[in-house]
Enquirer: 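Structure below; questions to follow.
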There are 2 protein chains.
Amino acid sequence: MQKIHNLSKNQKIIFDLIDKSGGPMKAYSILFNVQKRGIKAPLQVYRALDKLVEIGKIHKIESRNAFIACQNSSCQVSKATAFSICESCENVSEISNSKLSKYLSNFSDNSGMKYSKYNLEFFGLCKKCKSK
Amino acid sequence: MQKIHNLSKNQKIIFDLIDKSGGPMKAYSILFNVQKRGIKAPLQVYRALDKLVEIGKIHKIESRNAFIACQNSSCQVSKATAFSICESCENVSEISNSKLSKYLSNFSDNSGMKYSKYNLEFFGLCKKCKSK
DNA sequence: TAACAGTATGTAATAATATAACATTTACAA
DNA sequence: TTGTAAATGTTATATTATTACATACTGTTA
């Protein structure tokens with residue numbers, strides 16, 4: 001059973017923007033886009049982003065310092081994320097592959113470490129950019 | 001056959017520092033540490049870091065904006081990196097697991113994307129921190 | 001060895017990303 | 001209705017990284 005999160009005003013404004021954009025967005029680009037809606041300061045954006053990441057509605061693309069809406073059916077996968085990133089056009093998409101996620105979620109080694117979360121980023125050329 | 005890279009003066013200073021530290025280091029902490037050796041500006045640090053990353057002598061821990069010396073025997077794995085990160089003590093170590101790297105290097109999906117590189121970060125609690 | 005190309009360096013300024021500190025307000029359960 | 005957690009607003013500042021431009025070093029080859 002998934003907890004329903006009622007987004008606050010700022011969280012909703014910012015989530016909607018990222019979601020509609022269809023791709024990764026950077027914090028200050030988000031800020032610029034929501035200033036007309038009353039969100040004036042970086043901290044307001046970062047606070048909403050932190051919360052949205054925490055509840056799995058968005059993910060941070062670490063290598064790009066950007067945020068993307070969760071593309072998995074019900075955002076259950078905030079602790080097990082995988083992305084493919086085109087190094088030419090910077091298109092990003094979330095990889096949803098149950099074998100991969102199962103493999104990584106079950107991964108353990110002899111370090112004695114208990115893994116509770118992972119983030120995987122694949123880089124390469126997307127279909128379009130490959131054929132250029 | 002692996003290409004031998006002769007490190008330049010700044011590259012050597014910075015690599016030695018990171019390597020000796022035994023863990024991840026942040027750019028401005030590196031800067032602070034090498035100022036007595038004549039490296040005065042951030043750009044000098046970032047240029048050396050870029051090069052060291054490029055040739056695989058160090059890796060960037062994206063989620064921490066930090067750099068760590070490659071812990072694999074011969075630094076051949078700069079395009080296929082995996083790390084375990086303790087969220088409590090921030091200890092980081094490079095995972096060297098041939099099954100894992102084989103699995104990920106061979107990963108492909110139906111997106112039409114050609115993957116040439118990946119970076120994986122596992123998070124959790126290390127042995128020490130678990131038992132606290 | 002002169003000319004060249006590629007790589008590395010030095011320096012100043014500034015851009016881009018993110019957080020600290022503090023005051024106030026809202027949501028909502030006890 | 002009072003207590004508390006979450007969210008907001010605002011200013012300032014910390015941290016991370018790059019642009020732009022000038023100069024110097026290293027190794028190759030004509």
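Everything quoted here is computed from the prediction, not taken from an experiment. First the proteins, then the strands, lettered A, B, ... as listed; each starts at 1.
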Enquirer: 5' to 3' on DNA chain C, which nucleotides open and close the contacts with chain A (atom under 4.0 Å from a heavy atom)?
Expert: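 Range of nucleotides within reach of chain A: C/dT17 to C/dA21.
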
Enquirer: Would you say the side-chain atoms of A/Asn10 and A/Ser8 include a donor-acceptor pair closer than 3.5 Å?
Expert: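 No, no side-chain donor-acceptor contact under 3.5 Å.
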
Enquirer: Donor-acceptor pair, A/Lys130 side chain versus B/Gly112 backbone, under 3.5 Å?
Expert: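 Here the side-chain-to-backbone pair exists.
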
Enquirer: Closest nucleotide of DNA chain D for B/Phe67 versus for A/Gln11: which of these residues is on the 5' side?
Expert: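 Nearest-nucleotide comparison on DNA chain D picks A/Gln11.
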
Enquirer: For A/Lys60, which contact category applies under a 4.0 Å heavy-atom criterion: base, sugar-phosphate, or nothing?
Expert: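 Answer is sugar-phosphate: A/Lys60 comes under 4.0 Å of backbone atoms only.
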
Enquirer: Run the ring-centre check on B/Tyr115 versus A/Phe123 and record whether the distance is less than 6.0 Å.
Expert: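 When the ring centroids of B/Tyr115 and A/Phe123 are compared, they turn out to be at least 6.0 Å apart.
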
Enquirer: Do A/Glu62 and A/Asn119 have side-chain N/O donor and acceptor atoms under 3.5 Å apart?
Expert: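 No.
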
Enquirer: A/Tyr46: which residues meet the side-chain hydrogen bond (donor to acceptor under 3.5 Å, both in side chains) condition with it, sequence neighbours left out?
Expert: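 With sequence neighbours excluded, A/Tyr46 shows a side-chain hydrogen bond (donor to acceptor under 3.5 Å, both in side chains) to no residue whatsoever.
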
Enquirer: Between B/Gln44 and A/Asp50, which is nearer to the 5' end of DNA chain C once each is assigned its nearest nucleotide?
Expert: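 Its nucleotide being nearer the 5' end, the pick is B/Gln44.
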
Enquirer: Using five pairs at each end of the helix from C/dT1-D/dA30 to C/dA30-D/dT1 to define an axis, what is the angle between those two axes, to 10°?
Expert: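 For the helix from C/dT1-D/dA30 to C/dA30-D/dT1, the axes at opposite ends meet at about 30°.
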
Enquirer: Taking 5' to 3' order, which nucleotide of DNA chain D is first and which is last to have an atom within less than 4.0 Å of a heavy atom in chain B?
Expert: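 Both ends considered, the range comes out as D/dT16 to D/dA20.
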
Enquirer: Does A/Leu120 reach the side chain of A/Thr81, with side-chain heavy atoms less than 4.5 Å apart?
Expert: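 A/Leu120 vs A/Thr81: side chains apart.
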
Enquirer: Taking side chain as C-beta onward, heavy atoms only, is B/Ser111 less than 4.5 Å from A/Lys127?
Expert: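 No, their side chains stay 4.5 Å or more apart.
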
Enquirer: Tell me if the aromatic rings of A/Phe122 and B/Phe107 count as close, with their centers under 6.0 Å from one another.
Expert: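 Yes, the ring centres sit under 6.0 Å apart.
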
Enquirer: Using side-chain heavy atoms (C-beta onward) and a distance below 4.5 Å, is B/Ser116 in contact with B/Lys79?
Expert: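 No; the side chains remain at least 4.5 Å from each other.
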
Enquirer: As a quick check of understanding, evaluate salt bridge (Lys or Arg N to Asp or Glu O under 4.0 Å) for B/Glu87 and A/Lys117, giving each step before the final call.
Expert: CA-CA 10 Å; B/Glu87 290 186 298; A/Lys117 208 167 95 182; 3.5 Å; yes

Enquirer: Looking only at atom types and distance, does a side-chain atom of A/Ser105 sit under 3.5 Å from a main-chain N or O of A/Lys102, one as donor and one as acceptor?
Expert: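 Checked: no pair found.
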
Enquirer: Side chains of A/Phe67 and A/Leu52, heavy atoms from C-beta outward: is any pair under 4.5 Å?
Expert: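 Sidechains of A/Leu52 and A/Phe67: no contact.
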
Enquirer: Which pairs of donor and acceptor atoms, one on a side chain in residues 19-33 of chain A, lie under 3.5 Å apart (sequence neighbours left out)?
Expert:
unit_1, atom_1, unit_2, atom_2, d
A/Ser21, OG, A/Ile18, O, 2.8
A/Ser21, OG, A/Gly23, N, 3.2
A/Ser21, OG, A/Gly23, O, 3.1
A/Lys26, NZ, A/Arg64, O, 3.4
A/Asn33, ND2, A/Ser29, O, 2.8

Enquirer: Near DNA chain C, under 4.0 Å by heavy atom, which residues of residues 17-30 of chain A?
Expert: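 Only A/Lys26, A/Tyr28 qualify.
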
